[in-house]
Amino acid sequence: MGTYKCCLVFKRRYRWTDAPPPDDVRSLFAHHSGGAATMGADGLRRYLDSTGGTGNDPDFDADAEAERLLDQIRQAQRARVPRVGRPLLGLDDFHRFLFSDDLNPPLRRPQVHHDMAAPLSHYYIYTGHNSYLTGNQLSSDCSDVPIIKALQRGVRVIELDMWPNSAKDDISILHGRTLTTPVSLLKCLRSIKEYAFVASPYPVIITLEDHLPPELQDKVAKMVLEVFGSVLYYPEEEHPKELPSPEDLKGRVLLSTKPPKEYLEAKAGGTIKDNDTESNPGKGTDDDAAWGKEVPDFKTEMQYAKQEDDDEGDDDDEEDEQKMQQHLAPQYKHLITIRAGKPKGGTTSDALKCDPNKVRRLSLSEQELAKAVVNHGTEIVRFTQRNLLRIYPKGTRVTSSNYNPFIGWVHGAQMVAFNMQGYGRALWLMHGFYKANGGCGYVKKPDFLMQTEPEVFDPKKPQPVKKTLKVKVYMGDGWRMDFKQTHFDQYSPPDFYTRVGIAGVPADSVMKKTKAIEDNWVPVWGEEFSFDLTVPELALLRVEVHEYDMSEKDDFAGQTVLPVSELQPGIRAVALWDRKGNKYPHVKLLMRFEFV
């Protein structure tokens, strides 16, 4: 029972009741229990078999799994079940089982199931940008704390900007030519070593933005060797023709960097230009700053990029690297596994040329990529089949906002670098994408991005519908446990509605919503939606719950993003997360997924 004030004088009382099991749940129970009032382990196993819940492992003991689930369901109810015979489930018990995100999650079991033996260029890699920043790009503190949080989440690429300290005798990590306060390189390296493999055993790549003179580079090399020891991987040959695989690099740390052009220019009296500098802090500061900002369609981003002057040109060219050979500290140079650089020349086609005798990493800003894909889409796809492509946020994202990652993913870019310290819909997509493959931080690219015959995949060509995903939203619960009674509305219970949709290539991207259920903490919608998918391999299911407000902006009530390729068919409990990516203890939806 909930009591709310009305007109400052009167009080209105609302009775809270649990919603009964949906009709579809009743039908399932009746079918698998054989029409009986209770269901035993055999009936539960039949249900699990019908939804693929007993796994494909030949050694998997389905009977033992059904018994285990039965015990857990009864324990969750804190019921005293006589130990005579096997425990049985009633309809309400079966409903509670389906509505448990621990026992009946929407994604397959969290284990690595992709082939991990291919070269690194065959994988999308969970990548951070300016990983040391605690907040905005201009004035926040630098710390090892966001690095630790990223590694705990499963991020595999950590970026560090290295600059000489004020005394020019040590290395600081900071965003250059801003008001950010520095943190020591040694502290960051030690934290990376401690937390590198807490969430995933697969390799951690440290991308070093190098602004150091040779004497400090030598100091970096000594620090790296001292901290990581045998954990550090570096190749025997200077320019390998193929990158190792994630499987080969399990438990190892790699370095990736480019020539410190900025330092040379400064020493030669030239102009200093940092491709991450916020050249126009006033422009774009509201991009995705709030959770309510929608992720722009990448066709829109391509059109927008054409209109902007982009002087964020990357400086990874080989001419600079050749000039640097006499300046680079020998030991430091030897420790670099993934070398960044462009072939000599100023055109996009030149930058995307593939050298059969070596692999490299190319970095492009989000704007540079949006411009390049207009006329060079297939060249980018071909380049990323052997080489690594890193995309980073434009410099005007001073609030640490992010961009639409799909423009990079659909062109095969492995390192789509995001500001992990912020929040917003774009970052929700990033976190959701890397729930795939057991959350290990490496997701195998679809086969069509690796094919060369009969032709290289062209992202601009229309694709046929490959499959259709049907999603039914039954009901939701848990807000009454996780929120104060008046959190959403001072005068009545909340009016919840759900937004469901697909994030992916433009042809697949869409959002739909249910009706709002008035004055109910346990809303029942019972609405079904259908989504045609042309590139299901990359598609993400977006789910958001909002509370309708007639006079103000609708309130946020939870969200999740799930990789479509990992969805388990059937009725599932879908846990929701807050806007910062933290899971709510109790809030969840009951949904059904079906592929046709």
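Note that the structure is a prediction, hence the values are computed from the model and not measured. Counting from 1, the numbers follow the sequence of the chain as shown.
Within the 3.5 Å criterion, the main-chain N or O of Leu48 finds a donor-acceptor partner in the side chain of Thr51. A donor-acceptor pair under 3.5 Å is absent between the side-chain atoms of Ser200 and the main chain of Phe197, judged by distance alone. Checking side-chain atoms of Asp495 against main-chain N and O of Glu547 turns up no donor-acceptor pair under 3.5 Å. Distance alone, capped at 3.5 Å, places no donor-acceptor pair between the Thr486 side chain and the Asp489 backbone. Remark: side-chain polar atoms of Thr127 are paired, donor with acceptor, to backbone N or O of Ile125 under 3.5 angstrom. In this structure, the side chain of Asp549 engages the main chain of Glu552 through a donor-acceptor pair within 3.5 Å.
You'll find the side chain of Tyr442 stays beyond 4.5 Å of the side chain of Tyr434, heavy atoms only. In this structure, the side chains of Cys440 and Met116 come closer than 4.5 Å at one or more pairs of heavy atoms. Residues Leu533 and Lys466 are not in side-chain contact: their nearest non-hydrogen atoms beyond the backbone lie 4.5 Å or more apart.
One finds no salt bridge joining Lys512 and Glu528 here, because no Lys/Arg side-chain nitrogen approaches an Asp/Glu carboxylate oxygen to under 4.0 Å. Salt-bridge annotation for Asp23 and Lys472: absent, with no side-chain N of the basic residue lying under 4.0 Å from a carboxylate O of the acidic one. One finds a salt bridge joining Lys583 and Asp101 here, because a Lys/Arg side-chain nitrogen approaches an Asp/Glu carboxylate oxygen to under 4.0 Å. A salt bridge is defined here as a Lys NZ or Arg NE, NH1 or NH2 lying under 4.0 Å from an Asp or Glu carboxylate O, and Lys444 with Asp115 fails to meet this definition.
Among residues two or more places apart in sequence or in another chain, the side-chain hydrogen bond (donor to acceptor under 3.5 Å, both in side chains) test is passed with Arg542 by Glu294, Glu544.
Thr384 contributes atom OG1, which lies 9.5 Å from atom NE2 of His411 (distance to the nearest 0.5 angstrom).
Residues His431 and Tyr126 bring a donor and an acceptor atom of their side chains to less than 3.5 Å of each other. Defined by atom type and a distance below 3.5 Å, a donor-acceptor pair is present between the side-chain atoms of Ser400 and Gln421.
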